[in-house]
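Reading through the structure tokens given below for one structure.
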Amino acid sequence: MSVPQASQDTASLVKRLAGPSVTKAGLAKDQTEINRIIAEASKGSKFYDNEKRKDKDLTERIGVILKHRDDLLRNADKSKIERTVDHMLTELEARRDLSQIIVHVDMDAFYANVEMLDNPDLKGKAFGVGHLHGVLTTASYEARKFGVRSGMPGFIAKKLCPDLIFVDIHFKRYSEMSAVIMDIFKQYDPNMYPAGCDEGYLNITEYCRAHSLSADICVQEMRARVHRETDLTVSAGIAPNKMLAKICSDKNKPNGQFHLPFERDAILSFMHDLSIRKIPGIGRVNERLLESIGIKTCGDIYTYRATVYLMDKYFGLQFLLRTHLGIASNNVEPVLREERKSIGAERTFSPLGDKEQILKKLEEVAVELENDMQKTGWAGRTLTLKYKLDTYQVFTRAKSFDRWISKKGDLFMNGKELLMHEWPVKLRLIGLRMTKLKDLRAAEDKGIKRFFSAAGPSSPAKRQKMGHRESMEPEEVLDVSDEYQEDCESMPGYEEHEFEEAGLAIEIPDDPITEPGDTGSSRPPQSRPSKPISSAAKPMSKKPTSTAQKPRSMATQEKDEGGDEGEGGRSCVCPICGKSMETDNSGLNAHIDFCLSRSAILEAQVESLNRQKERKGKKR
DNA sequence: CGGATCGAC
DNA sequence: CTATGTCGATCCG
């Protein structure tokens with residue numbers, strides 16, 4: 001039975017309004033009082049209304065999930081399930097790896113402390129980096145005592161802390177500092193993984209061995225060096241995997257370090273009382289979803305293991321079991337340039353309804369994106385328009401091309417086309433993003449032929465990245481062969497050619513379950529909303545872009561179908577799977593829809609399979 | 001694939 | 001008055 005009391009609803013809303021980073025380190029005196037002030041300042045705004053709507057949707061989602069849970073539990077043999085889960089836990093436990101020393105380093109209030117370096121008058125003051133009318137990127141520790149947080153709008157922060165000082169952002173300065181500290185970290189692990197400009201993961205196993213150092217001394221030394229060379233402080237967590245190290249770096253923040261014993265029992269008791277919200281990947285939404293089935297701490301995962309087992313598709317059984325045991329990946333390596341997936345730009349402005357003005361914003365964004373792509377050497381094949389209504393609802397619309405795009409004109413024209421399908425709209429944000437990228441800088445090696453020439457496995461030069469076609473002269477990028485264009489436009493399964501090109505066999509298993517056992521198999525929970533779109537969505541645009549959803553060949557087919565066709569059943573052939581059937585128009589359409597989604601899913605699986613192969617090939 | 005959601009910094 | 005920007009992952013149809 002759910003408890004949909006009004007008081008509970010507003011409680012979750014008030015918490016939501018407090019922002020996503022309330023869990024972070026900060027000496028909040030009285031969080032409920034802070035939350036009250038925030039809710040008070042928010043009331044009546046469009047932002048507030050939107051948050052209220054999202055909160056309501058989530059509450060409904062939870063209702064559906066709980067009902068599903070009750071149904072499942074009624075018919076389940078709980079003890080049997082628990083035995084099964086216990087067995088899984090034993091297997092996970094048997095593969096626990098405590099051999100690697102992983103460190104998560106995290107600069108303390110990075111932007112704020114850099115600003116303090118450059119303006120010592122700020123020392124001891126409550127200040128935020130950002131504008132009164134924008135959003136704060138960082139808050140000094142003095143400001144955090146008032147409940148001021150990163151990501152908080154300036155005017156709310158001002159309400160919480162009336163004497164708050166607003167300091168301008170100097171991103172270039174932070175980047176320079178970032179480079180300095182990263183260089184220091186790299187001396188302890190040349191293969192470190194920088195996660196943003198103020199933190200990173202290191203595997204110091206080898207360094208400690210080579211220098212006969214304990215992990216504690218090594219990390220102390222490293223932190224002292226950062227402090228000596230930059231005057232900035234850094235906190236660190238030492239643990240056998242990335243998840244634990246990350247949680248530990250928060251323990252003695254600021255300017256401290258925490259070493260979790262590399263022993264099973266110590267790790268289990270550490271996890272037992274740990275709030276589920278501390279787990280990387282679990283944010284506000286999943287915290288609420290898990291709380292609804294009784295899970296607040298990682299210890300609760302075991303208590304409710306039967307429920308978690310039954311609700312696997314909502315929460316991810318493997319992920320939660322591993323989390324309960326404190327098991328996670330200990331693989332530390334940098335993200336390679338060629339692994340980049342997207343590049344984009346977006347801008348917020350005071351709400352606009354005028355077409356000319358909005359198009360001007362779109363053009364600015366297009367210019368920004370062009371410059372960015374030019375500077376970093378990328379072109380892309382799919383353009384996604386993102387827009388946020390003045391109600392704060394966000395939508396995306398995408399369009400793919402048969403060539404690589406990067407020029408302002410292409411970005412703007414196609415962005416405009418996507419936007420005009422939605423007209424009229426009143427917007428507060430507009431953005432463009434390119435995906436399906438091509439790395440223009442990987443075009444070094446000559447002597448490589450065009451796609452369709454029967455090339456062997458492509459250049460072994462760069463560390464294998466087979467999903468992308470390598471090496472074309474930049475000039476060639478926009479001049480794509482005719483065969484290829486045809487393929488892209490008319491064949492639903494055209495991607496297969498890419499894979500053949502790369503020398504990969506296409507094998508889709510009958511039962512394509514993602515292979516467990518491998519250490520990377522688990523994922524944070526990712527539950528689906530029960531309702532895709534809220535009822536009061538957007539003020540009715542023209543069409544829901546019906547034909548644009550499907551490949552052109554499909555649209556054509558549909559048209560042909562609709563044209564001359566009686567209602568009675570007759571023999572027809574599905575254009576997707578080739579199956580023939582006796583059905584009427586709507587029956588065929590239903591089958592086509594099924595087939596389309598099925599082929600989309602298969603495509604996704606091919607891509608994912610492809611990615612797996614890439615990963616295997618990449619491992620040194 | 002396109003669209004929506006969630007999460008991290 | 002006033003609520004970011006950029007990216008990756010995942011799920012669904």
Among dA9(C), dG5(C), dT2(C), which nucleotide sits nearest the side chain of R347(A)? dG5(C)
Below 4.0 Å: OP1/OP2 of dG2(B) and any side-chain N or O of R397(A): no
For a quick check of understanding: with a heavy-atom distance under 4.0 Å over all strands, which category does K159(A) fall into, base, sugar-phosphate or nothing? nothing
Ring-plane angle category for F47(A) and Y392(A), please: parallel below 30°, perpendicular beyond 60°, tilted otherwise. perpendicular
OP1, OP2 of dT2(C) versus side-chain N and O of K158(A): anything below 4.0 Å? no
Of the listed nucleotides (dA3(C), dG3(B), dC1(C)), which one gets closest to any side-chain atom of H133(A)? dC1(C)
Take a 6.0 Å sphere around CD of Q374(A) and say whether it holds more than 12 heavy atoms from other residues, nucleotides or ligands. no
Tell me: CZ of R284(A) to P of dC6(B), nearest whole Å? 10 Å
Nearest whole angstrom, please: distance from the C1' of dA8(B) to the CG of D106(A). 12 Å
What is the nucleic acid contact for E287(A), judged by heavy atoms within less than 4.0 Å: base, sugar-phosphate only, or nothing? nothing
Closest-nucleotide mapping onto DNA chain C: is D372(A) or S45(A) further toward the 5' terminus? I mean the 5' end. S45(A)
dA4(B), dT4(C), dG7(B): which one has an atom nearest the side-chain heavy atoms of V135(A)? dT4(C)
With sugar-phosphate meaning primed atoms plus P, OP1 and OP2, does N50(A) contact a base, only sugar-phosphate, or nothing at under 4.0 Å between heavy atoms? nothing
Going through the checks in order, is the side-chain hydrogen bond (donor to acceptor under 3.5 Å, both in side chains) test met by S400(A) and T382(A)? CA-CA 4 Å; S400(A) 290; T382(A) 299; 2.9 Å; yes
For the side chain of E346(A), counting heavy atoms from C-beta on, which of dA9(C), dG5(C), dT2(C) is nearest? dG5(C)
Measure from CZ on F319(A) to C1' on dC11(C) and round the result to the nearest Å. 16 Å
Side-chain N or O of K399(A) closer than 4.0 Å to phosphate OP1/OP2 of dG2(B): no
Please state whether the base of dA3(C) and the side chain of S42(A) form at least one donor-acceptor pair under 3.5 Å? yes
Can you check the distance between dA3(C) and dA8(B), where both ends of the measurement are the P atom (answer in whole Å)? 24 Å
Using a cut-off of less than 4.0 Å, is there contact between a side-chain N or O of T396(A) and OP1 or OP2 of dA4(B)? yes
OP1 or OP2 of dG3(B) under 4.0 Å from side-chain N/O of T384(A): no
What salt bridge (charged side-chain N to carboxylate O under 4.0 Å, His left out) pairs are there with at least one residue in residues 151-166 of chain A, not counting sequence neighbours? none
Report the residue (L58(A) or E199(A)) whose heavy-atom-nearest nucleotide on DNA chain B is the more 5′ of the two. L58(A)
R340(A) side-chain N/O to dG8(C) phosphate OP1/OP2 under 4.0 Å: no
Is Y392(A) near enough to dA3(C) that one of its side-chain N or O atoms lies under 4.0 angstrom from OP1 or OP2? yes
Closest of dG2(B), dA8(B), dC7(C) to the I343(A) side chain is dC7(C)
Rounded off to whole Å, could you give me the CZ-to-P distance for the F315(A) and dG7(B) pair? 12 Å
Side chain of R428(A) only, please: which of dT6(C), dA3(C), dA9(C) is the nearest? dA3(C)
Show, in sequence, the C-alpha distance, side-chain angles and deciding distance for I65(A) and Y314(A), and conclude whether the side-chain contact (heavy atoms from CB on, under 4.5 Å) test is met. CA-CA 8 Å; I65(A) 288 175; Y314(A) 293 110; 3.9 Å; yes
Roughly, in whole Å, what's the span from CZ in R16(A) to P in dT5(B)? 11 Å
R433(A) vs dC7(C): side-chain N/O to OP1/OP2 distance below 4.0 Å: yes
Give a yes/no on whether any side-chain N or O of R61(A) is located under 4.0 angstrom from OP1 or OP2 of dA4(B). no
Which whole-number value in Å describes the distance from Q393(A) CD to dT5(B) C1'? 14 Å
What nucleotide among dG8(C), dG7(B), dG2(B) has an atom nearest to a side-chain atom of N286(A)? dG7(B)
Could you point out which residue of I169(A), V148(A), I156(A), V167(A) forms a side chain to side chain contact (heavy atoms under 4.5 Å, CB included) with L136(A)? V148(A)
Geometric class of the Y111(A)/F171(A) ring pair [parallel <30°, tilted 30-60°, perpendicular >60°]: perpendicular
Using a 4.0 Å heavy-atom cut-off, does G134(A) contact any base of the nucleic acid, only the sugar-phosphate backbone, or nothing at all? nothing
Over how many whole Å does the gap from L369(A) atom CG to dG5(C) atom C1' extend? 13 Å
Using whole Å, report how far NZ of K43(A) lies from P of dC1(C). 15 Å
Nearest of dC7(C), dG2(B), dA8(B) to any side-chain atom of R277(A)? dA8(B)
